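Since the structure comes first, as structure tokens, the remarks are kept for the end.
Computed from a predicted model, the values in this text were never measured in an experiment. So that the names make sense, note that chain A is the first sequence line, chain B the second, and so on, each numbered from 1.
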2 protein chains.
Amino acid sequence: MFDSLKARDAAPTECGAQIFRFDRPENNIRTARNSALASPCASCKVRSKAVCAGLNDEEMEEFSRNIHTRLVKAGKAVYRESEAADNLFTVVSGEVRLANLLGDGRRQLTAFKSAGDLLGENKKGFYQSDAEAVCDTIVCQIPLSLMEKYSNDVPAMYASIATKAQEELCELRHHAVLLGRKTPLEKVATFLVDRIDKFDSKPENQAAIELTMGRGDVADFLGLTIETVSRTITKLKNMGLLLVPNPHHLVVRNSARLRRIAEGEE
Amino acid sequence: MFDSLKARDAAPTECGAQIFRFDRPENNIRTARNSALASPCASCKVRSKAVCAGLNDEEMEEFSRNIHTRLVKAGKAVYRESEAADNLFTVVSGEVRLANLLGDGRRQLTAFKSAGDLLGENKKGFYQSDAEAVCDTIVCQIPLSLMEKYSNDVPAMYASIATKAQEELCELRHHAVLLGRKTPLEKVATFLVDRIDKFDSKPENQAAIELTMGRGDVADFLGLTIETVSRTITKLKNMGLLLVPNPHHLVVRNSARLRRIAEGEE
DNA sequence: TTGCAGCATTGATTTAAATCAATGCCCGTG
DNA sequence: CACGGGCATTGATTTAAATCAATGCTGCAA
């Protein structure tokens, strides 16, 4: 019955994951008082956006001794649902999808996580979704025990986690509206607009979008089939709203109108 | 186009909201050392489940001077989206729906909150949904400033809020799977099973379910139309899984099978 | 270079859920 | 007690998206 909704494997697509360099101590987040301390974290490009942003130099120094970075190849799992949740993860580069499966293989993606985002939703000590790399991805693995330690000592970190949880709740409500009430056209438009807002710093009317994931991932994120996603993108193209140089690179030509469509306003 | 999806008003249904009595100091949660202190909180029936559970007698005493309880009539708002978020709320009795609207009136409910649940999701100081009483409901209004004060002093309270946030995230992911990938039959079955798990302490095979909300609310929660919800309930009735004494009271006759249906296993 | 595998697109057909429409039921009210 | 309004249910019809099916494209490997 749901054959075409079966879980699909990752598109092992090149997504330009740049390697995280430990040997480039250009700390532009906070001046290291003692550059001899320069730890992996010191040169971390996502530190300003990540939960560890609030640590001072000494704390960061200890932090960096306890975390470690992992390269997760496209399609491989960072963790799986029901595994014991011992770590949190910050995405350093690349992109991760959070997936939940039904017994017969139907799949729903609940989020894509990219640079600076925090992963590791758990309940009673177990992860609640599969977290899989969409493309080659680097994550920073943070033992939960370490987090707990800092959470008490470093209010900024607890606050940061709380804020991220609130944002995530907000995103999920937003996504529930999409899944439950939007048309395919509105779903795809929302997806594209959200990507622009997440990645494109300059909110011009014309914006380039890189899709690290394949159509199957988009479909499972939006609660559609691959075919409907494809047809809808073609439709947006025919409406003159989109250029499609190739399946993984889109250019939005009129993001204002796309935004209106996303909200069901036309 | 979406006329039949327009936001529907509350069913002003009687839901047996029992009035919260201040004058009955039967503190079965924690023995009040000094019964002269007996505050409204002392007799609160939901305290063991609520965020204030971790307060000691003195803290609770101060707490009770700063909170106040409000009766919200069926259909009225506890708060509205985009209002300044100055308070959190604990549901004392009754039930609240969280609603998000699209410009043209389409509506998605993201949660029903009942006794002991915490309300007041906000982002950057503003509520993110409409919170409306499904039936006559009593809420305990807690100034956010008070929460912040206790959050620093009373780790248990911060932990309790964090736990509730995690649970909420978990529920929303669960709901995303439902909205994006389940059939109407599975959606309704899931809704019923979740209600049993939430309200029915004894997990017998036969369980009574009270629906405080009308079919419109159920439809907007499940991403369906009223008609489909109604037909699906009839279908479950015809399958021998359900008795429907009246629209607001259902009896599940085989919850094990209902559970299997909910997970798409048959 | 050719062939193949995996995606993506496009087209035809089916089907399930939305929409449109009518009726019934229950409760509160005059 | 009769009436009216708001829900809920049920039936008929439409329609949009899933499904089924075929073809095309791209990049990798033999």
Side-chain angles (χ1 to χ4, degrees), chain A residues 1-15 74-75 104-107 134-135 178-188 211-220 222-238 242 244-250 264, chain B residues 1-15 74-75 104-107 134-135 178-188 211-220 222-238 242 244-250 264:
Chain A
M1 182 182 185
F2 291 100
D3 289 5
S4 74
L5 285 176
K6 289 266 165 67
R8 286 172 284 269
D9 282 330
T13 306
E14 180 53 52
C15 76
D104 61 2
R106 276 174 286 169
R107 186 177 74 145
V134 169
C135 52
L178 177 149
L179 290 171
R181 287 305 183 208
K182 288 191 179 180
T183 65
L185 191 68
E186 291 161 358
K187 286 180 175 184
V188 172
L211 301 180
T212 57
M213 70 295 290
R215 294 292 184 266
D217 283 343
V218 176
D220 284 344
L222 300 179
L224 299 171
T225 58
I226 290 180
E227 295 92 326
T228 298
V229 169
S230 181
R231 276 186 251 270
T232 305
I233 289 174
T234 301
K235 189 174 180 183
L236 287 168
K237 193 173 72 176
N238 293 338
L242 217 54
V244 188
N246 70 63
H248 289 273
H249 287 93
L250 310 182
Chain B
M1 183 181 184
F2 291 99
D3 289 5
S4 74
L5 285 175
K6 289 266 165 70
R8 287 172 284 271
D9 282 331
T13 307
E14 179 53 51
C15 75
D104 60 3
R106 276 174 286 170
R107 187 177 74 145
V134 169
C135 52
L178 177 148
L179 289 172
R181 288 305 184 209
K182 289 191 178 179
T183 65
L185 190 68
E186 291 161 359
K187 286 180 175 183
V188 172
L211 300 181
T212 57
M213 70 294 293
R215 295 291 184 267
D217 283 343
V218 176
D220 284 343
L222 300 179
L224 299 171
T225 58
I226 290 180
E227 294 93 325
T228 299
V229 169
S230 181
R231 276 186 251 271
T232 304
I233 288 173
T234 301
K235 188 174 179 183
L236 287 168
K237 192 173 73 177
N238 293 337
L242 219 53
V244 188
N246 71 60
H248 289 273
H249 288 94
L250 311 182

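Taking B:Asn246 as the reference, B:His249 meet the side chain to side chain donor-acceptor pair (under 3.5 Å) condition, with sequence neighbours excluded. A search for side chain to side chain donor-acceptor pair (under 3.5 Å) contacts involving A:Thr228 returns A:Thr225, not counting sequence neighbours. Taking B:Ser230 as the reference, nothing meets the side-chain contact (heavy atoms from CB on, under 4.5 Å) condition, with sequence neighbours excluded. Listed by chain and residue number, A:Leu185, A:Met239 satisfy the side-chain contact (heavy atoms from CB on, under 4.5 Å) test with A:Lys235 (two or more places apart in sequence, or in another chain). Every side-chain contact (heavy atoms from CB on, under 4.5 Å) that B:Pro247 has, sequence neighbours left out, goes to B:Arg215.
Between B:Lys182 atom NZ and C:dA16 atom C1' the separation is 19 Å, expressed in whole Å. Atom CG in B:Leu179 sits about 14 Å away from atom P in C:dA17, given to the nearest Å. Across the protein-nucleic acid pair, A:His248 atom NE2 and C:dA8 atom C1' stand 9 Å apart, rounded to whole Å. Between the CE atom of B:Met213 and the P atom of D:dC7 there is a distance of 15 Å, rounded to whole Å. Atom P of nucleotide D:dA18 and atom CG of A:Asp104 are separated by 16 Å, given to the nearest angstrom. In this structure, A:Arg181 atom CZ and C:dA18 atom C1' are separated by 10 Å, rounded to whole Å. When rounded to the nearest whole Å, the span between CG of B:Leu224 and P of D:dA16 equals 18 Å. Summarising the geometry, the separation between CZ on A:Arg106 and C1' on D:dT19 is reported as 15 Å, rounded to the nearest angstrom.
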Is there any protein nitrogen or oxygen under 3.5 Å from a nitrogen or oxygen in nucleotides 9-11 of chain D, and what are the pairs?
| residue | atom | partner | partner atom | Å |
| --- | --- | --- | --- | --- |
| D:dT9 | OP1 | B:Arg215 | NH2 | 3.3 |
| D:dT9 | OP2 | B:Arg215 | NE | 2.8 |
| D:dT9 | OP2 | B:Ser230 | OG | 3.0 |
| D:dT9 | O5' | B:Ser230 | OG | 3.1 |
| D:dT10 | OP2 | B:Thr234 | OG1 | 2.6 |
| D:dG11 | N7 | B:Arg231 | NH1 | 2.8 |
| D:dG11 | O6 | B:Arg231 | NH2 | 3.1 |

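Summarising the geometry, atom CG belonging to A:Leu224 is positioned 12.5 Å from atom NZ belonging to A:Lys182; distances are rounded to the nearest 0.5 Å.
One finds no side-chain N or O of A:Thr225 lying less than 4.0 angstrom from the OP1 or OP2 phosphate oxygen of D:dA17.
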